[in-house]
Amino acid sequence: MAEQQNQSAETVKENPEELKKSPSGAGASADTPPSGVKKMLAAVKSFLISLEEEESESPPPPEKTLKESVREFVERCRDREKRFVMLKEFGEWCWAMFFRGVVFSFLFALTIWGTIWALDFSENHRVKFYPPDEVAAYLKAEHETLEAKACQLMPLDEKDDNIPFDLFDVKFIETVKPIKIYSDEYGIYFMTSKGWYNGEHGIFIAKDEEKMPPDINWGLIEGRIYTYAIYD
């Protein structure tokens, strides 16, 4: 028994690492993974390293030189089937470019036509805010007479939607060319045009120049005579 104990003590002295590897050794750690897991992790790490080395070592595919590209093109031209495929691809490309060109030209022409039409429509249907010079000159010269005639129809406390034309001088009607005459608490309106595009335009004789109707654009001509526009 004494000999066996001496042998064990000598073994521990000669191989202290064996004592650490042993589960009952004083240097054993509870966090150390089993040897099988270590081997598996080492194998995975080695595999990943080999993949990275292969990727870094694999050279990029060589680019074709101009000479090789020309040679390949000539070979395709000589081969009947390859030549047919090449001509078919070229024809499809030409048709695609032609179709795109037609669509682009059509859209461009449509845009130009739409712009010209819009400008022409605006020019032909736009109503000038101020009347023509001859009309403005007549209104300036006759504004006192026109204002006096308007005063005969006052007080304008209620709106009158249909004032007869014959209440005014023939010269005035022929010059201003109203299509409707109506009044409200602010004065008399001589409507000369009305439409969805320009709104309502005409000549306005105010009852009181200090009290203009709301929601209209107006410009002074002379005295209490104004040009006006109402936009819906």
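The first residue in the sequence is number 1, and the count goes up from there.
- Here the side chains of I205 and L146 are in contact, with some heavy-atom distance below 4.5 Å.
- The distance from atom CG of D208 to atom CD of E185, rounded to the nearest 0.5 Å, is 11.5 Å.
- To the nearest 0.5 Å, atom CD of residue E222 and atom NE2 of residue H143 are 4.5 Å apart.
- The aromatic ring centres of F190 and F204 sit 6.0 Å or more apart.
- The main-chain N or O of E209 is never found under 3.5 Å from a side-chain atom of R224 such that the two would form a donor-acceptor pair.
- A136 approaches I221 most closely through the heavy-atom pair O-CG2, 4.1 Å.
- In this structure, Y231 places its OH atom where more than 12 heavy-atom neighbours from other residues, nucleotides or ligands lie under 6.0 Å away.
- Y138 is linked by a side chain to side chain donor-acceptor pair (under 3.5 Å) to nothing, counting only residues two or more places apart in sequence or in another chain.
- Counting heavy atoms from C-beta on, the side chains of H201 and Y228 never come closer than 4.5 Å.
- Between P178 and I203 there is no side-chain heavy-atom pair separated by less than 4.5 Å.
- For CG of D133, the number of neighbouring non-hydrogen atoms (other residues, nucleotides, ligands) closer than 6.0 Å is 12 at most.
- Sorted by first then second residue, the salt bridge (Lys or Arg N to Asp or Glu O under 4.0 Å) pairs that include residues 134-144, not counting sequence neighbours, number zero.
- Residue V102 is grouped with residue W95 when hydrophobic side chains (ILVMFWY) are merged at heavy-atom distances under 4.5 angstrom, including chains of intermediate members.
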(Q) The test is side-chain contact (heavy atoms from CB on, under 4.5 Å); show your working for Y197 and V127 and say whether it passes. (A) CA-CA 9 Å; Y197 182 71; V127 177; over 6 Å; no

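- Here W93 pairs with F90, M97 under the side chain to side chain contact (heavy atoms under 4.5 Å, CB included) rule; sequence neighbours left out.
- More than 12 non-hydrogen atoms from other residues, nucleotides or ligands lie less than 6.0 angstrom from CG of D161.
- Among all heavy-atom pairs drawn from T192 and G202, the shortest one is OG1-CA, 3.4 Å.
- Shown here is R126, whose CZ atom has more than 12 heavy atoms of other residues, nucleotides or ligands within 6.0 Å.
- Judged purely by atom type and a 3.5 angstrom limit, T227 uses its side chain to pair as donor or acceptor with the backbone of F129.
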N/O donor to acceptor pairs below 3.5 angstrom from side-chain atoms of residues 106-116, sequence neighbours left out:
residue	atom	partner	partner atom	Å
T111	OG1	L107	O	2.8
T115	OG1	T111	O	2.9

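- No side-chain heavy atom of I230 sits under 4.5 Å from any side-chain heavy atom of P213.
- For the residue pair I225 and L220, the shortest heavy atom distance occurs at O-CD1, 3.7 Å.
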Q. Stepwise, does the side-chain hydrogen bond (donor to acceptor under 3.5 Å, both in side chains) test hold for D184 with Y189?
A. CA-CA 8 Å; D184 61 11; Y189 302 79; 2.9 Å; yes

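- Legend: salt bridge (Lys or Arg N to Asp or Glu O under 4.0 Å) pairs involving residues 167-178, not counting sequence neighbours: none detected.
- At least one side-chain heavy atom of I181 sits under 4.5 Å from a side-chain heavy atom of I173.
- Here L167 pairs with L153, I163, P164 under the side chain to side chain contact (heavy atoms under 4.5 Å, CB included) rule; sequence neighbours left out.
- Residues F165 and F172 are members of one and the same hydrophobic cluster, defined by side-chain heavy-atom contacts under 4.5 angstrom among Ile, Leu, Val, Met, Phe, Trp and Tyr.
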Q.
Checking M212 against Y186 for the side-chain contact (heavy atoms from CB on, under 4.5 Å) test, could you report, in this order, the C-alpha distance in whole Å, the side-chain angles of both residues, the deciding distance, and whether it holds?
A. CA-CA 6 Å; M212 298 297 291; Y186 298 102; over 6 Å; no

